[in-house]
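Each remark here refers to the structure printed beneath this line.
A, B, ... follow the sequence lines: proteins, then strands. Residue 1 opens every chain. Only this structure's heavy atoms are used, side chains among them; waters, hydrogens and symmetry mates stay out.
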Amino acid sequence: MNVSLDPTLGCGQAHRWIKKNGAWEGVLGKEIITLRQTCDGFECTGTSDEDGILEYFRADDDLDAIYGDISASDPYIAELVDGCPGLRILKQDPWECIATYLLATNANVKRIGMMVEAVCREFGEDLGGRFSFPTPKDVIDGTGDICACRLGYRENRFLELAQRVYDGDIVPNALCGMNYDDCRRTLLSVNGIGNKVADCIALFAYGHMEAFPIDARIERVLKEKYHVTGSYAHLTEFARTKFGRYPGYAQEFLYHSDFILESQAQAGGLHPI
DNA sequence: CATCAACCTGATCA
DNA sequence: ATGATCAGGTTGA
C-alpha cells in the first residue's frame with residue numbers, strides 16, 4: 001500500500017502515534033502497534049490483525065484517482081501532492097475520534113497529545129508502557145484522576161460526552177450509516193462540538209470526503225493562498241466548489257504543508273546560522 | 001447573521 | 001526568574 005507514515009501519522013490527524021528510533025508506535029484498540037516505513041508501505045509488529053490496519057489506513061482509497069482529482073482542481077494543491085506522496089486520511093475509531101476531537105478544541109497539536117495520553121493513562125488499560133483509549137464506562141466508573149488530565153474547561157464536556165454515550169443517548173457507531181449532513185448535525189448536538197470539530201470527526205472517523213475542517217491554520221492558508229475570507233459556511237462552500245471531489249484530502253495537504261513550514265521556521269529560529 | 005468576550009493551560013516572550 | 005501575552009474552538013450574550 002502506498003503510504004508515507006511521517007505526514008500521515010505525525011501532523012495532528014491522529015494523536016497517539018509517537019516516533020521512536022525511526023519507527024511509529026501507537027495504540028489501536030488494545031494493542032501497541034509499531035510501524036516501520038518501507039519503500040512500498042510499512043512493516044507492522046504488535047498485531048495479527050492485518051485487515052484492521054489496512055482499514056485504519058483506508059487501503060481501499062484509490063490514491064492515484066484522489067490525487068489526480070484534487071490536483072486537477074488547483075495548481076497549488078497539485079504542487080503539494082507532488083511534494084508529499086503517500087499522505088493518507090485515516091479511518092479512526094468513532095468513539096475515540098469524537099472524544100479526542102472534543103478535547104482538541106482550542107488546543108494545539110502538542111497539547112492535544114498531552115491531554116489524550118493523560119486520559120488514557122488515568123482511565124485506560126495498561127498495555128505495558130502505553131494505555132488503551134478508555135471506553136465511556138472506563139471514564140465513568142474508573143478510578144482515574146480527571147484533574148490530573150489537565151483538560152481545563154473541556155473536563156465537564158468530556159465527562160458529559162462519556163455519560164451520553166454510556167447512556168446510549170449518542171451511539172458513535174450509529175453515525176457510520178449516516179450521510180454527511182446528518183452525521184454533522186448529530187455531532188453538533190454534543191456540547192463542546194462545533195463546526196470545526198464536527199468536520200474533523202466526519203472526515204477522520206466516518207470518511208466523509210466533503211468535510212473540510214477549518215481551524216486557525218486552514219483559515220490563514222485560505223486567506224494567504226486563495227484570498228478568501230469570511231464565515232465558516234462561506235469558506236467550506238468555497239472549498240467544496242474549488243477542490244474537486246475530495247475536499248477532505250485537499251485540506252489534509254494544505255494543513256500538512258503549513259504545519260511543516262511552521263516547524264521548519266521554528267527549528268530555524270532555534271538554530272540560526 | 002455577525003461580533004465578541006470568556007473559558008484553561010502550556011508555551012513563549014519581555 | 002517572574003509575570004505578561006499568546007495560541008487555539010465553542011458557547012452564549
* To do: Could you state the atom-to-atom distance from CG of A:Leu188 to P of C:dG12 in whole Å?
  => 13 Å
* Structure fact -> Atom CZ of A:Phe158 and atom P of C:dT11 are separated, to the nearest Å, by 17 Å
* To do: Could you encode protein contacts along nucleotides 5-10 of chain C as a string, one character per nucleotide from 5' to 3', using B for base contact, S for sugar-phosphate-only contact and - for no contact, with a heavy-atom cut-off of under 4.0 Å?
  => ---BBS
* Asked: A:Met115 near the nucleic acid: base, sugar-phosphate alone, or nothing, with a heavy-atom cut-off under 4.0 Å?
  -> nothing
* Asked: Does the distance from a Lys or Arg side-chain N to an Asp or Glu carboxylate O, for A:Arg88 and A:Asp61, drop under 4.0 Å?
  -> no
* Taking the six-membered ring for Trp and the full ring for Phe, Tyr or His, determine whether the centres of A:Tyr67 and A:Phe253 are under 6.0 Å apart. => yes
* Side chain of A:Glu122, backbone of A:Cys149: donor and acceptor closer than 3.5 Å? -> no
* To do: Identify whether A:Ile112 and A:Ile214 are in the same connected component of the hydrophobic contact network (ILVMFWY, side-chain heavy atoms under 4.5 Å).
  => yes
* Can you sort out the partners of A:Phe123 under ring pair (Phe, Tyr, Trp, His ring centres under 6.0 Å), two or more places apart, ordered by chain and number? => none
* Structure fact -> In whole angstroms, the gap separating P of C:dT11 from CG of A:Asn156 amounts to 14 Å
* Tell me yes or no: between the side chains of A:Tyr180 and A:Arg184, is some donor less than 3.5 Å from an acceptor? => yes
* Asked: So, is A:Arg150 near the phosphate of B:dC8, with a side-chain N or O under 4.0 Å from OP1 or OP2?
  -> no
* Run the numbers on A:His15 and A:Tyr101 for ring-ring contact (aromatic ring centres under 6.0 Å, His included), then give the verdict. => CA-CA 10 Å; A:His15 296 90; A:Tyr101 276 92; 5.5 Å; yes
* Which residues share a side-chain contact (heavy atoms from CB on, under 4.5 Å) with A:Lys137, sequence neighbours left out -> A:Thr135, A:Asp141, A:Tyr166
* Determine, for A:Asp167 against A:Arg164, whether the closest basic-nitrogen to carboxylate-oxygen distance falls under 4.0 angstrom. => no
* Pairs meeting criterion salt bridge (Lys or Arg N to Asp or Glu O under 4.0 Å) with involvement of residues 31-43 of chain A, two or more places apart -> none
* Is there a donor-acceptor pair closer than 3.5 Å between any side-chain N or O of A:Gln92 and the backbone N or O of A:Gln13? -> yes
* What does the inter-axis angle of the helix from B:dT3-C:dA13 to B:dA14-C:dT2 come out as, five pairs per end, nearest 10 degrees? -> 40°
Pairs under 3.5 angstrom, nitrogen or oxygen only, protein versus nucleotides 12-14 of chain B, please.
none

